[in-house]
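Single-structure report; data block below.
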Amino acid sequence: MYIINLGLIREGVPMDKYDKVVELGRRRGFFWPSSEIYGGVAGFLDFGPMGAMLKRNIERRWREVFIHQHHGLVYEIETPVIMPAKVFEASGHVENFTDVVVECMQCHKRFRADHLILEQVGEVKGIEGMTNEELDALILEKGVRCSDCQGQLSKISKFNLLFRTNIGPYSENVAYLRPEAAQGMFVNFKGIFNSMRERLPIGLAQIGKVARNEISPRQGPIRLREFTIMEVEFFFDPKSPGCTLIDDVADLKLRLLTEDMVKSNESEPIQVCVSDALKEGYIKTEWLAYFMALSSKFISELGAPVESQMFIGKPPEERAHYSAQTFDQLVKLERWGWVEVSGHAYRTDYDLSRHMQYSGQDMSVFRKYDAPRKVKVLAAKPRVEAIGADHGKNTGKVLSVIKGIEASTLRSKLSSGPAEIEGVLIKPDYVEFYEKEEAQAGERFIPHVAEPSFGADRLTYLALECAYSEREDRVVLRLPSSIAPVSVSVFPLVNRDGIWEKAYSIYRDLKGLGIIAEFDDSGSIGRRYARSDEIGCPYAVTVDYQTLQDDTATIRLRDTWEQLRVPIRELRGFLQGSLQMR
RNA sequence: GCGGCCGUGGUCUAGUCCGGUCUAGGAUAAAGGCUUCCCAAGCCUUGGAUCCCGGGUUCAAAUCCCGGCGACCGCACCA
């Protein structure tokens with residue numbers, strides 16, 4: 001037998017697809033654990049020549065589908081992996097990406113300290129702001145114990161999934177590696193909005209590395225500490241949330257497990273078209289639905305069958321801190337079950353509002369009314385005589401205090417008598433409130449955000465697992481031709497009589513056209529087809545004796561092993577057509 | 001991080017229980033050549049393993065013991 005234990009036995013159990021893909025991944029240069037010569041390190045992955053090409057192709061397709069096909073609406077940007085601490089304080093990651101954990105010293109179970117205290121002591125005021133030492137003291141004082149075996153608890157340890165580092169030589173200059181690319185889009189929103197002629201909606205996209213210091217990553221390429229994320233932050237006006245492209249996908253069927261279905265423990269998704277999902281209120285906003293539809297098509301293109309895909313609504317307690325609605329797109333893998341390949345979050349105005357608050361920069365945009373509106377505005381008119389009588393020379397100071405505060409705020413402060421504002425005692429009779437009419441051209445608001453987010457590394461694994469197949473004891477990677485690392489192999493049937501030279505020149509010509517081509521003249525022709533199949537190359541061109549007579553060659557199709565005879569001058573058109581090249 | 005289980009050329013493995021016969025065997029893959037052939041055929045040649053790392057026991061360790069690292073499974077964790 002030629003083949004390496006395809007599907008035979010590993011420790012008494014048959015190899016599953018994961019084992020086989022991992023084995024192939026190493027053998028053919030797709031991927032393997034990182035820093036392997038030093039023992040490897042969990043949660044990091046190296047991509048080899050074939051893997052890197054495959055991953056790039058997936059990224060390229062994503063870029064085409066989500067960015068280039070929406071040019072004028074979605075733009076790609078690039079921002080650093082390292083950002084100052086402030087950014088992630090604003091985003092909520094410093095606070096919410098942290099778990100305060102205690103461990104039972106007897107049975108080694110771990111608990112979230114705050115949850116355990118709430119459970120055994122009840123509400124404790126100010127628990128959120130407590131330091132580790134204060135929490136330790138509280139646990140000791142109230143006699144909080146392991147809820148499982150009553151064992152004594154360890155001291156508190158904090159897990160923050162952010163990778164921390166310093167900028168420059170000063171340790172107090174703290175920075176973090178981004179756990180998502182999104183913040184780079186949010187902090188740049190206003191500037192880009194301005195330079196792109198203040199158009200809304202606008203999407204900003206990024207493909208780049210992110211890092212999350214997972215406590216215990218498992219599942220090989222599925223859960224990594226460093227990975228490539230592909231994200232769109234799509235900014236829109238919450239008062240005009242309609243998606244202009246929704247008609248393109250209205251009839252597309254989505255397999256959905258709604259939030260309500262999750263709550264009632266249902267596991268069989270319903271199948272609804274996009275327009276019905278919106279009508280029924282399963283998906284709260286049109287742009288989110290639109291991107292979910294795109295994602296569904298995209299994942300199908302990578303080779304995942306529709307019946308092994310679904311979207312699952314995340315209940316509030318499982319959602320990220322910024323999200324008002326989240327759907328995870330899941331794909332069923334043989335070993336890992338349903339695995340998240342993309343997340344679709346309705347982030348509302350959370351991030352922009354927070355950055356506005358933390359940076360002091362205005363993140364709002366202007367919405368013009370159809371026609372200017374007359375609005376009644378409360379105005380405050382200072383009574384100079386009354387103020388002058390009390391303050392004499394300092395009247396000016398008091399006047400500026402009154403002018404510097406919004407009329408309605410001032411009125412509520414004065415509603416129960418004199419109030420001290422900015423160190424000045426203001427009496428109600430200092431001001432006269434009245435309503436005036438003002439014409440307003442529009443109003444300011446903070447855009448809302450719909451975010452589709454993908455992990456490129458998982459998708460690479462997914463594509464490999466979906467493509468993996470065996471035929472007559474050989475591995476055939478049925479990768480979609482749009483993402484296959486190598487597009488065509490060229491073989492001389494024999495290495496003599498000028499056939500080698502002819503094949504080699506075809507190979508050179510194809511490469512010159514920008515087609516990724518490989519040349520193989522070693523071993524038997526069958527062996528070469530087999531090698532080509534293993535790296536998922538969809539086409540093999542073989543030059544034989546007939547080529548020398550009529551300038552045709554055979555194209556052998558990977559998935560059917562069928563052969564077509566094609567004039568060499570038509571090769572280019574055939575390949576470029578089949579490879580979906582532009 | 002806890003418990004279980006495992007770690008031998010690129011890959012898959014034999015050997016480990018019961019230490020020596022292992023200067024680690026096989027298959028496959030790879031490189032070179034022959035064969036000139038349409039699906040891993042065959043033949044010849046070559047390279048490739050300090051048996052995961054470190055320590056210990058012993059005259060002697062892939063094999064026994066301890067520690068570490070890593071994979072997988074279960075638990076916990078998973079913005």
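A, B, ... follow the sequence lines: proteins, then strands. Residue 1 opens every chain. As the structure is a computational prediction, the values presented were derived from the model and not from experiment.
Ring centroids of A:Phe163 and A:Tyr176 are separated by 6.0 Å or more, keeping the two rings apart. Ring pair A:Phe491/A:Trp500: centre-to-centre distance not below 6.0 Å.
Here, B:rC22 and B:rG42 have their P atoms 29 Å apart, quoted to the whole Å. Across the P atoms, B:rU21 and B:rA62 are found 9 Å apart, a figure rounded to whole Å. Spacing between B:rU11 and B:rU58 at atom P, rounded to whole Å, works out to 36 Å. With both ends at atom C1', the span from B:rC78 to B:rU28 equals 39 Å, rounded to whole Å. Rounded to whole Å, the separation between the P atoms of B:rC77 and B:rA31 comes to 49 Å. Between B:rG26 and B:rA49, the two C1' atoms lie 14 Å apart (nearest whole Å). Distance noted for atom C1' between B:rG15 and B:rG20: 14 Å (whole Å).
When heavy atoms are screened at a 4.0 angstrom cut-off, A:Leu493 is found touching base atoms of the nucleic acid. Using a 4.0 Å heavy-atom cutoff across all strands shown, A:Trp500 reaches no nucleic acid atom at all. Using a 4.0 Å heavy-atom distance criterion, A:Thr554 is classed as a base contact. In this structure, A:Glu36 reaches neither bases nor backbone, as no heavy-atom distance under 4.0 Å exists between it and the strands shown. Within the nucleic acid shown, A:Arg528 has no heavy atom closer than 4.0 Å to any nucleic acid atom. Using a 4.0 Å heavy-atom distance criterion, A:Phe491 is classed as making no nucleic acid contact. Within 4.0 Å (heavy atoms only), A:Asp497 reaches no atom of the nucleic acid at all. Counting any heavy atom pair closer than 4.0 Å across all strands shown, A:Arg28 reaches a base atom. Among the protein residues, A:Tyr18 comes within range of the sugar-phosphate backbone only, with heavy atoms under 4.0 Å from sugar or phosphate atoms but none that close to a base.
Judged by the 6.0 Å and 45° rule, A:Arg335 forms no cation-pi pair with A:Tyr18.
Between A:Ala530 and A:Tyr322, the residue whose closest nucleotide on RNA chain B is further toward the 5' end is A:Ala530.
OP1 or OP2 of B:rA30 lies within a sub-4.0 Å distance of a side-chain N or O belonging to A:Arg531. A:Arg335 has no side-chain polar atom (N or O) that falls below the 4.0 Å cut-off from OP1 or OP2 of B:rC72. When the side-chain nitrogen and oxygen atoms of A:Arg27 are compared with OP1 and OP2 of B:rG10, none of them lie within a distance under 4.0 Å.
Considering all non-hydrogen atoms of both residues, A:Met50 and A:Arg28 come closest at CG-O, 3.3 Å.
A:Asp544 contributes a side-chain N or O that forms a donor-acceptor pair with the base of B:rC38 under 3.5 Å. One N or O donor and one acceptor, one from the side chain of A:Arg474 and one from the base of B:rC39, sit under 3.5 Å apart. Remark: the A:Arg556 side chain and the B:rC39 base include a donor-acceptor N/O pair separated by less than 3.5 Å.
Distance from the side chain of A:Ala42 is smallest for B:rA71 among the nucleotides B:rU36, B:rA71, B:rC72.
A salt bridge does not link A:Arg569 to A:Asp551: none of the charged side-chain nitrogens sits closer than 4.0 Å to a carboxylate oxygen. A salt bridge links A:Arg319 and A:Glu259; the closest N-O separation between the charged side-chain nitrogens and carboxylate oxygens is under 4.0 Å.
In this entry B:rC18 has no Watson-Crick or G-U wobble partner, no candidate having both defining distances under 3.5 Å. For B:rU36, there is no paired nucleotide, since no Watson-Crick or G-U wobble pair has both relevant distances below 3.5 Å.
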